[in-house]
Amino acid sequence: MLVKKETANKVINGLIIDPLIFTQKFVKGCDVCICSGECCYYGVYTDKSEYELIMSKKDRIIKSMDDSQTKNFEDWFEDEQEDSDFPSGIAVGTEVYNGKCVFLDKQGFCTLQKIAIEDGENKWKYKPLYCILFPLVIFEGKLTVDDEHLDRMHYCNKPINQVSTVFEACKNELKHVLGEEGFKELEEYRKEFFEQDEEDNEAA
Ligand code: SF4
Ligand code: SF4
């Protein structure tokens, strides 16, 4: 009898790992010159602590905004709402202005990432976690693929452009959310997952 190894519900760094991240096809890397940063057209939910950090940098952010963005910081965020997928329990959405997140400039760059780079900081210092992660997402405690949002994309969701996988394309993002040790554990789990898949195919 084939003994099926337990690969379901693997938890790393407190997150359930959805094996879809190993198989979901994706582009080799993001290129906003091609996609115009289209994943940012809908805004994003930030944790309250991220919102507060962004607002503490509002004068600096305004300096790097262009004429397609609103410099009126009172128009940057929606009202707070309760959401248990966020560490503080409170989510605050960014507003959409000119058909894109208030922080997206006309070239397709995120102003929050731009100011961090310009000031010699870590590029993700002010960027909300869900922006860093996409096409990954944390949903009800599970690290998975945001297939609903990915389905809306015209570049990175086109099969002809999907020459890689989410796992291969998002190693730095995975290290960011799982840590270096957690990422090593993920690589082991991925190996087990494909070995099991091969065994299942042979047994079929
Ligand atoms: S996730 Fe897709 S739409 Fe967003 S920057 Fe990357 S390639 Fe562009
Ligand atoms: S905060 Fe930046 S990365 Fe996130 S949706 Fe807005 S422009 Fe895009």
Side-chain angles (χ1 to χ4, degrees), residues 20-21 24-58 60-73 75-78 80 83 85-86 91-119 121-138 143-174 176-177:
L20 179 62
I21 68 176
Q24 171 66 51
K25 297 283 186 189
F26 194 60
V27 290
K28 203 169 174 187
C30 293
D31 186 343
V32 297
C33 296
I34 303 174
C35 69
S36 310
E38 132 180 76
C39 55
C40 300
Y41 287 2
Y42 305 82
V44 70
Y45 283 106
T46 68
D47 183 72
K48 191 173 181 188
S49 63
E50 295 173 324
Y51 154 78
E52 286 169 348
L53 176 65
I54 293 166
M55 289 308 272
S56 75
K57 298 295 290 185
K58 62 180 181 306
R60 175 64 190 88
I61 293 166
I62 288 168
K63 275 191 196 151
S64 286
M65 284 180 146
D66 63 31
D67 59 10
S68 74
Q69 298 172 278
T70 175
K71 294 178 180 168
N72 183 359
F73 60 84
D75 292 337
W76 289 356
F77 287 94
E78 297 171 348
E80 297 176 5
D83 192 323
D85 267 332
F86 289 81
V92 195
T94 65
E95 291 279 8
V96 171
Y97 181 83
N98 262 340
K100 55 192 176 62
C101 172
V102 286
F103 298 114
L104 194 72
D105 72 14
K106 59 185 169 190
Q107 291 179 298
F109 293 110
C110 173
T111 312
L112 305 179
Q113 179 157 330
K114 205 165 72 177
I115 65 158
I117 294 169
E118 285 170 358
D119 295 351
E121 311 266 16
N122 181 302
K123 66 178 178 179
W124 289 338
K125 184 169 180 184
Y126 308 116
K127 203 167 175 176
L129 179 64
Y130 283 96
C131 303
I132 296 170
L133 290 184
F134 183 75
L136 293 158
V137 71
I138 298 166
L143 183 62
T144 183
V145 175
D146 188 349
D147 45 9
E148 204 175 300
H149 193 32
L150 189 57
D151 276 352
R152 296 161 160 162
M153 302 299 122
H154 296 90
Y155 166 63
C156 52
N157 193 40
K158 257 199 183 161
I160 194 169
N161 301 325
Q162 291 179 320
V163 295
S164 187
T165 61
V166 167
F167 174 83
E168 290 294 344
C170 302
K171 288 186 176 174
N172 287 336
E173 290 76 5
L174 288 163
H176 180 78
V177 73

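Given the structure is predicted, the values throughout are model-derived calculations rather than measurements. Both counts, for ligands and for their atoms, begin at 1 and track the order of listing.
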Working for side chain to side chain contact (heavy atoms under 4.5 Å, CB included), residues Asp85 and Tyr130: CA-CA 11 Å; Asp85 267 332; Tyr130 283 96; 4.1 Å; yes
Examine the proximity of ligand 1 to Cys30 and report which part, side chain or backbone, both or neither, has a heavy atom under 4.0 Å away.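 Both the backbone and the side chain of Cys30 come within reach of ligand 1.
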Near atom 8 (Fe) of ligand 1, is there an N/O/S atom from Cys156 that is less than 2.8 Å away?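 Not a single backbone or side-chain N, O or S atom of Cys156 is under 2.8 Å from atom 8 (Fe) of ligand 1.
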Per-residue contact class, Leu112 against ligand 2 - non-hydrogen pairs under 4.0 Å: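 Answer for Leu112: side chain.
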Region of Lys127 engaging ligand 2 - heavy atom pairs below 4.0 Å: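 Only the side chain of Lys127 comes within reach of ligand 2.
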Where ligand 2 meets Leu104 - atom numbers and elements under 4.0 angstrom, heavy-atom basis: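 Selected atoms, number and element: 7 (S).
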Below 4.0 angstrom from a heavy atom of Cys131, which ligand 2 atoms are there? Numbered from 1 as shown, please.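 Ligand 2 atoms under the 4.0 Å threshold to Cys131: 1 (S), 3 (S), 4 (Fe), 5 (S).
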Is a donor on one side and an acceptor on the other found under 3.5 Å between the side chain of Asp66 and the backbone of Lys106?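 Confirmed, Asp66 side chain pairs with Lys106 backbone.
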Does the Asn98 side chain pair with the main chain of Ser68, one donor and one acceptor, at a distance under 3.5 Å?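 Yes, Asn98 side chain to Ser68 backbone: donor-acceptor pair under 3.5 Å.
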Are there over 12 heavy-atom neighbours, none belonging to Lys171, within less than 6.0 Å of that residue's NZ?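 Above 12, so yes.
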Which heavy atom of Val32 sits nearest a heavy atom of Phe109, and at what distance?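 Looking at all heavy atoms of both residues, the closest pair is CG2-CE2, 3.5 Å.
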Contact summary for His149 and Tyr42, nearest pair of heavy atoms: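 Between these two residues, the closest heavy atoms are CE1-CD1, 3.3 Å.
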Nearest neighbour in protein (non-hydrogen) for [atom]:
atom: atom 8 (Fe) of ligand 2; answer: Cys40 SG, 2.3 Å
atom: atom 4 (Fe) of ligand 1; answer: Cys39 SG, 2.3 Å
atom: atom 2 (Fe) of ligand 2; answer: Cys110 SG, 2.4 Å

Are side-chain N/O atoms of Lys127 and Gln113 paired as donor and acceptor at under 3.5 Å?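 Result is yes, a qualifying pair exists.
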Strictly under 2.8 Å, is any N, O or S atom of Cys101 next to atom 4 (Fe) of ligand 2?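 So Cys101 does not bind atom 4 (Fe) of ligand 2 by this criterion.
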Show the numbers, then the answer: is there a ring-ring contact (aromatic ring centres under 6.0 Å, His included) between Tyr51 and Phe77? CA-CA 8 Å; Tyr51 154 78; Phe77 287 94; 4.8 Å; yes
Numbering the atoms of ligand 1 from 1, which are under 4.0 Å from a heavy atom of Tyr155?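 In order of number, 7 (S).
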Which ligand 1 atoms, with their elements, are less than 4.0 angstrom from a heavy-atom of Phe134?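 Under 4.0 Å from Phe134, ligand 1 has these atoms: 1 (S).
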